[in-house]
Number of protein chains: 2
Amino acid sequence: MSTSRPKKRSYHHGDLEAALIRSAGNILEKEGLEALSLRETARRAGVSHNAPYRHFAEREALLAALAREGFERLGAAQREAADKGGLRAMGEAYVLFALEHPQRFRLMFGGQISIARHEKLRDVATKTFAGLSGALAARVPEAQGARDASIAAWALVHGLALLLMGDRIASAAMNGRERKAFVRDVLASVRFAAGAA
Amino acid sequence: MSTSRPKKRSYHHGDLEAALIRSAGNILEKEGLEALSLRETARRAGVSHNAPYRHFAEREALLAALAREGFERLGAAQREAADKGGLRAMGEAYVLFALEHPQRFRLMFGGQISIARHEKLRDVATKTFAGLSGALAARVPEAQGARDASIAAWALVHGLALLLMGDRIASAAMNGRERKAFVRDVLASVRFAAGAA
DNA sequence: ATCTAATGTTGACATCGTAAACATAACTCT
DNA sequence: AGAGTTATGTTTACGATGTCAACATTAGAT
């Protein structure tokens, strides 16, 4: 667990930016977004409370970096699932990612950070979604219907993830199934139709 | 615009709790959740910064009251839609509610408040969802399949609402349609199957 | 009318985000 | 190698916030 830092640093840290993102990521996942303050992050990285400002213009910029990391990981998980199990696996992977990293997922989609305002974040996020809807649209060879269906599919997994995360689904509904099986069954209860009136 | 208050109150306000909820609601919808502080709420209600503590144990309790109001309104909108246009209308109403009250919706589902910890909130929320899934389950006369499908339907509208709110849907995908029409088409691109493998 | 509980107010404290001024190390150019 | 410049940390300071404790005022019950 000990990240072996090669040299003992005095004034200049060496790679503060990465260290800050790491500290912040830990706080986020273990204590939640509310507990994630710039000052605490600095404390854990062993620097003064204002050092982060050399690397992040404001608190939101740090959050944006964490969100970006999240989109990258989600994208990777999606690609991996696409290879192994196709579309259905991608949907399941989406939901499982959210359930395994709820705080991260909330940061990514909770609307606390303005995605549009952070360039790199925006690019990565866009790319991730393009992969998702591209995979779906490729299966339904009709222009608008396919696009609508791919958005419906995305909305479905996205909504299911959030409802599960928020404990909004009564345990009775799970009916004894494991979460993974439950997700599979729910997703399987849906059919996408290209041109529906 | 002037809420005509009958009497000029000196020390005791008369109905501070309601006034606070009103002020807070205004801040929430106009300036967003981040701008919603206890102190600002008190200021707008014309009382000292600590007066709210006589009515709300903590900030989160005020937020919970706002969320509860939201669930009540969502539930009402759902019931109304159910009468007029059946299931499909309920789905559309759900999404439209979210788009018309994005900040409120975020508060209700953003995970900032622990729903379970606030009794009244929990009850109202549960009741609202029971109405939703009940309406759906009634249409598919098979136990588990129906339940899964009803959750899928809910997830679908929920996810679509959040994606639209977060501007995560490229305008190209809307293809010139009005938002309402777009929602209708996307929802229409999905079929629910009771027992799917 | 008096006592008590409810409701508001004042003052205080720790924490936070952020800005400005300062300190130190690293890099560049000669 | 030495001087000047830039990047990176630190200190100090300010206003805002949530919350606590002590106090003030009023409404209701006796």
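Every chain is numbered from 1, with letters handed out A, B, ... down the list of sequences. Here the structure is a predicted model, which means the values were calculated and not measured.
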Select one nucleotide: of dT17(D), dT9(C), dC16(C), the one nearest the side-chain heavy atoms of Val47(B).
-> dT9(C)
Out of dC16(C), dT19(D), dG8(C), which nucleotide sits closest to the side chain of Leu16(B)?
-> dG8(C)
Taking dT19(D), dC16(C), dT10(C) as options, the one with an atom nearest any side-chain atom of Ser37(A) is dC16(C)
Please tell me which of the listed nucleotides, dT8(D), dC16(C), dA12(C), lies nearest to the side chain of His55(A)?
-> dT8(D)
In whole angstroms, the gap separating P of dT17(D) from CG of Leu62(B) amounts to 14 Å
Distance, rounded to the nearest Å, where Leu20(B) contributes CG and dT9(C) contributes C1' = 14 Å
Would you kindly give the CD-to-P distance between Glu40(A) and dG17(C), to the nearest whole Å?
-> 10 Å
Atom CG of Leu36(B) to atom P of dG18(D): distance rounded to whole Å?
-> 8 Å
In whole angstroms, the gap separating C1' of dT17(D) from CD of Glu34(B) amounts to 14 Å
Return the minimal non-hydrogen interatomic distance between Arg59(B) and Ser37(B), and the atom names on each side.
-> NH1-CA, 4.2 Å
May I have the distance from Leu33(A) (atom CG) to dC16(C) (atom P), rounded to whole angstrom?
-> 14 Å
Nearest atoms (heavy-atom pairs only) where Ala51(A) meets Leu16(A) | CB-CD1, 3.9 Å
Okay, side chain of Arg122(A), backbone of Ala116(A): is any donor-acceptor separation there less than 3.5 Å?
-> yes
Would you kindly give the CZ-to-C1' distance between Phe56(A) and dT8(D), to the nearest whole Å?
-> 14 Å
How is His49(B) classified with respect to the nucleic acid when contacts are heavy atoms under 4.0 Å: base, sugar-phosphate, or nothing?
-> base
Separation of dT11(D) atom C1' from Tyr53(A) atom OH, nearest Å, is 15 Å
Candidate pair Glu92(B) and Arg88(B), rule salt bridge (Lys or Arg N to Asp or Glu O under 4.0 Å), full reasoning | CA-CA 6 Å; Glu92(B) 291 174 28; Arg88(B) 199 151 297 250; over 6 Å; no
Start at the 5' end of DNA chain C and walk down; is the nucleotide closest to Ala35(A) or to Ala51(B) reached first?
-> Ala51(B)
Of the candidates dG17(C), dT19(D), dG9(D), the side chain of Arg59(A) sits closest to dG17(C)
What heavy-atom pair brings Leu121(B) and Ala64(B) nearest, and what distance separates the two atoms?
-> CG-O, 3.7 Å
Among the candidates dT19(D), dG9(D), dG17(C), find the nucleotide nearest to the side-chain atoms of Arg39(B).
-> dT19(D)
Using only side-chain N and O atoms of Arg43(A), determine if any of them is under 4.0 Å from OP1 or OP2 of dC16(C).
-> yes
